[in-house]
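Position 1 is the first residue of the sequence; numbering continues from there.
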Amino acid sequence: RIDTTMVVGPCKVGAAALVLLAGCDSVPESAGATTQAGSGTAGASSGAAGIASEPLEADLTVSGAAPTPVGATFFGQNYWSWVPEWGDPVAGVEAQTAELKLGLLRAGGANNDRQDPTAFSLAEIDDFLAFARQVGAEPLLQVPLLENTAGEAATAQDAADLVTYVNVTQGFGVRYFSIGNEPDLYEEQGMMPAGYDATTFCATFRELAAAMRAVDDTIQIVGPDLSWKYQSGANDWLTPFLQDCGDVTDIVAVHRYPLAPTACTDTAAYADSARYRTVLTHLREILSATGQENKPLAITEGNITWDGDPANGTMAASPGTVPAALWVADNLGVSLEAGLHSVAYWSLSEG
């Protein structure tokens, strides 16, 4: 139990992380009244135009007396960049990564699906699984849907061979597997022909899943790892996928990068937790409507923006800033509230 009294300057208090930013000059409209919450009180006198004229005083009590259990796989990360041509920056950082106490470590993404710029070979998979075990994280291994390590179209036999290698030949005992990466982008990225849709993807997903389970029927299949098309109408791939492939999917997973790199303001970062709750509610509604309401839900890739290039990180809440870190705190809080199976951030190493 931690009891602490804080006296700070007039501040805007908000977000799931209860951020108190010293030096800010505005408070919520309701802050002129004294409010009671638990054993603490908070009040502020507001002047003209809602600007506080006196310091905000608050007695805050944080208690762990009634903790809520967190799933072992909840806090995750993505194993990237492993690419030798780009310096393989994940090599040698096992000690630092172990300090994160990760529950899940995913090896996936476009590079692994396309074997680009080099193959995610069996040797690379060995390195990944050794890394995961060394840092104490449960591995999630993506099976390619686009190309195998020989640069040819991936097949169900390739998927079965990969499960055979890691769980039979090597005896790694990998439990979680996914199939492909962001299939809702395949057509626009030129990876699949015009007209490629969720139904077509599901047919391949089902074929590969069956081949994999024929090798090891204890594995858990994660998917469909959609980029963003879990909205409505033509931008809803999740509903048709779950209608046709929900029975072969153990954990329903999508990706989420809410802000464009040029939109990463601190205001947008702090407001995103409310948007995120709405997204998760929508996802649960889709699961319920397709009869999959009892399936675990996961975010297998996510960050404040999809662009982690430091050269483009010029906004107040670009990756690597304090507001972006506070976004992560809020994102984790909402994910815990929603009881997600896992939320895995992208990525261990970026630029």
Examine the side chains of Ser335 and Tyr276 and answer whether a donor and an acceptor come within less than 3.5 Å of each other. yes
When clusters are formed by joining ILVMFWY residues with side-chain heavy atoms under 4.5 Å apart, either directly or through shared neighbours, do Ile299 and Ile221 land in the same one? yes
Donor-acceptor check, side chain of Asp113 to backbone of Pro144, threshold 3.5 angstrom: yes or no? no
Is there a donor in the side chain of Asp158 and an acceptor in the side chain of Thr155, or the other way round, less than 3.5 Å apart? yes
Look at the side chain of Thr149 and the backbone N and O of Gln115, then say whether any donor-acceptor pair between them is shorter than 3.5 Å. no
Do Ile304 and Val328 share a hydrophobic cluster, counting only Ile, Leu, Val, Met, Phe, Trp and Tyr and linking them when any side-chain heavy atoms are less than 4.5 Å apart? yes
Looking only at atom types and distance, does a side-chain atom of Lys295 sit under 3.5 Å from a main-chain N or O of Gly246, one as donor and one as acceptor? yes
Check for a donor-acceptor pair, side chain of Asp244 on one end and backbone N or O of Thr200 on the other, with a separation under 3.5 Å. no
Would you say the side chain of Pro183 lies within less than 4.5 Å of the side chain of Leu226, judging by non-hydrogen atoms? yes
Looking at OG of Ser232 and CG of Leu238, how far apart are the two atoms once the value is rounded to the nearest 0.5 Å? 12.0 Å
Parallel, tilted or perpendicular, as decided by the 30° and 60° cut-offs, for the rings of Trp237 and Phe201: tilted
Please check this pair: side chain of Asn167 against backbone of Gly173, looking for a donor-acceptor N/O pair closer than 3.5 Å. yes
Looking only at heavy atoms, the pair that brings Tyr79 and Leu105 closest together is N-CD1, 4.0 Å
Any donor and acceptor pair, going by atom type alone, linking the side chain of His341 with main-chain N or O of Thr73 inside 3.5 Å? no
Per the side chain to side chain contact (heavy atoms under 4.5 Å, CB included) rule, which among Gln142, Glu138, Arg106 passes with Tyr176? Glu138
Identify the heavy atoms of Asp330 and Tyr270 that sit nearest to each other, and give their distance. OD2-O, 4.2 Å
Heavy-atom pair of closest approach, residues Ser318 and Ala324: O-CB, 3.4 Å
Has Asn111 got a side-chain atom pairing as donor or acceptor with Asp116's backbone, closer than 3.5 angstrom? yes
Applied to residues 199-226, the salt bridge (charged side-chain N to carboxylate O under 4.0 Å, His left out) test, sequence neighbours excluded, yields Arg206-Asp247, Arg213-Asp250
Closest contact, heavy atoms only, Gly64 versus Pro67: O-CD, 3.3 Å
For the CZ atom of Arg256 and the OH atom of Tyr230, what is their distance to the nearest 0.5 Å? 6.5 Å
Atom CG of Asn181 and atom CG of Leu145: how far apart are they, to the nearest 0.5 Å? 10.0 Å
Below 4.5 Å, heavy atoms only, C-beta onward: do Asn331 and Tyr345 meet side chain to side chain? yes
Search all heavy atoms of Cys264 against all heavy atoms of Thr305 and return the closest pair with its distance. SG-CB, 3.8 Å
Hey, which of Phe128, Phe120, Phe131 is the one that makes ring pair (Phe, Tyr, Trp, His ring centres under 6.0 Å) with Trp82? Phe120
